[in-house]
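What follows is a short report on a single structure.
Hydrogens, waters and symmetry mates are skipped; everything else that's a heavy atom, side chains included, is used.
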Amino acid sequence: MKNVPTLDIRRYDTDREAFVAELGAAYREFGFCGISGHGIARELIDGAYDAFQRFFALPTDTKMKYHVPGSGGARGYTPFKVETAKDSKHADLKEFWHVGREIARDSKFADVMAPNLWPSEIPEFHPYGYGLFEALDQLGTRVLRALALHIDLPENYFEDKTEQGNSILRPIHYPPITDDNVPNVRAGAHEDINFITLLVGASAEGLEVLTREGEWLPITTEGDAIVVNIGDMLQRLTNHVYPSTTHRVVNPQNANARKPRYSVPYFLHPNPDVVLDPLPQCVTPDNPKRYDTSITSHEYLQQRLREIKLI
């Protein structure tokens, strides 16, 4: 059986050519790869998870103080059964919070990137939440360097296109499933919208990726590995050289269904004004250009948020 590989990102500095080739091959095949050796402190990850779990344990009325209707959930709290995978009949069984990038309020992107909200009830939420945001942002930048080299772009090609990116850290709580006949799944089959997603620690099984052969492959990681997958914006920019693979979070078929599940993906986005036209390096006779219309990453994001019923 095929497996999504896990690669040690420290090899980027010690064994670059082979690492870039292996990473590129993993993404071309699966759109997913595990990344180990990233150096993000266990204490930061554990401290963030602890703060997030304590927030989700608060009474609903308290959490709803941080819900901003009409904002698409861009910042703060989004309650249960709002987000719905595209073309799915049932809303996802989850509640979540969004932490965004801190930018100067006189930035040209200030109108599309709101200030963060922080729950006063959990003082650790802010330092751990933003600390994890920054650590995953830096790791994502390192992964993008390798992805750039693999398609013959300069190593730092993505950096000035993501340093003001509208990226999101999303702590998620999937509650225990108490009804055997629930039609909803924890997260319906979907592709991510952004450039790349970094998933740090999932407290229970459930994540599955759809292989090219049309089979659902469970993703499990060992040790400190972080799962990193391609999103639709990077798929479009690379003319599908890097595929954005369909994935889902299924309800466990064992006692773990009765336990809550927590996960914290980081959605790394390009700057809002980046144009997502296929790169010439990724257009070949075998892979002709797939998109004729230009669209900015912000326009693309708005289109997709409407589809998943967040706006």
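Side-chain atoms of Thr296 never come within 3.5 Å of backbone atoms of Val274 as a donor-acceptor pair (strictly under, hydrogens ignored). Between the side chain of Thr162 and the backbone N or O of Gly165 there is no donor-acceptor pair closer than 3.5 Å. At least one donor-acceptor pair under 3.5 Å links the side chain of Asn116 to the backbone N or O of Gly100. Judged by distance alone, the side chain of His38 and the main-chain N or O of Asp224 form a donor-acceptor pair under 3.5 Å. Without hydrogens or angle criteria, Asp152 side chain to Gln281 main chain gives no donor-acceptor distance under 3.5 Å. Using a distance-only test at 3.5 Å, with no hydrogens or angles considered, a donor-acceptor pair links the side chain of Arg75 to the main chain of Ala114. Between the Asp192 side chain and the Ser244 main chain, no donor and acceptor come within less than 3.5 Å of each other. In terms of modelled atom types and a separation under 3.5 Å, the side chain of Tyr291 and the main chain of Leu276 share no donor-acceptor contact. In terms of modelled atom types and a separation under 3.5 Å, the side chain of Thr246 and the main chain of His190 share no donor-acceptor contact. Panel note: side chain Asn194, backbone Ile196; a donor-acceptor pair is recorded below 3.5 Å.
The hydrophobic cluster containing Phe109 does not contain Leu305, counting ILVMFWY residues as joined when their side-chain heavy atoms lie under 4.5 angstrom apart, directly or transitively. One hydrophobic cluster, built from ILVMFWY side chains closer than 4.5 Å, cannot hold both Phe267 and Trp97; they sit in different ones.
Residue Glu213 qualifies as enclosed at atom CD: its count of foreign heavy atoms under 6.0 Å is above 12.
Between the CG atom in Leu169 and the CZ atom in Arg101 there is a gap of 11.5 Å [rounded to 0.5 Å].
Note: Phe133 and Tyr130 meet the aromatic proximity criterion, with ring centroids under 6.0 Å apart. Taking the six-membered ring for Trp and the full ring otherwise, the centers of His150 and Tyr27 sit at least 6.0 Å from each other.
There is a side-chain donor-acceptor pair under 3.5 Å between Tyr66 and Glu121.
Arg142 forms no cation-pi arrangement with Tyr12, by the criterion of a distance under 6.0 Å to the ring centre and an angle within 45° of the ring axis.
Classification of the His98-Phe96 ring pair by plane angle, with boundaries at 30° and 60°, yields tilted. Ring geometry, Tyr77 versus Phe56: the interplanar angle falls from 30° to 60°, so the pair is classed tilted.
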Take Tyr262 and Tyr174, measure what ring pair (Phe, Tyr, Trp, His ring centres under 6.0 Å) needs, and give me the verdict at the end.
-> CA-CA 6 Å; Tyr262 298 92; Tyr174 304 97; 8.8 Å; no
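With Asn271 as the partner, the side-chain hydrogen bond (donor to acceptor under 3.5 Å, both in side chains) test is satisfied by one option alone out of Glu163, His298, Gln164: Glu163.
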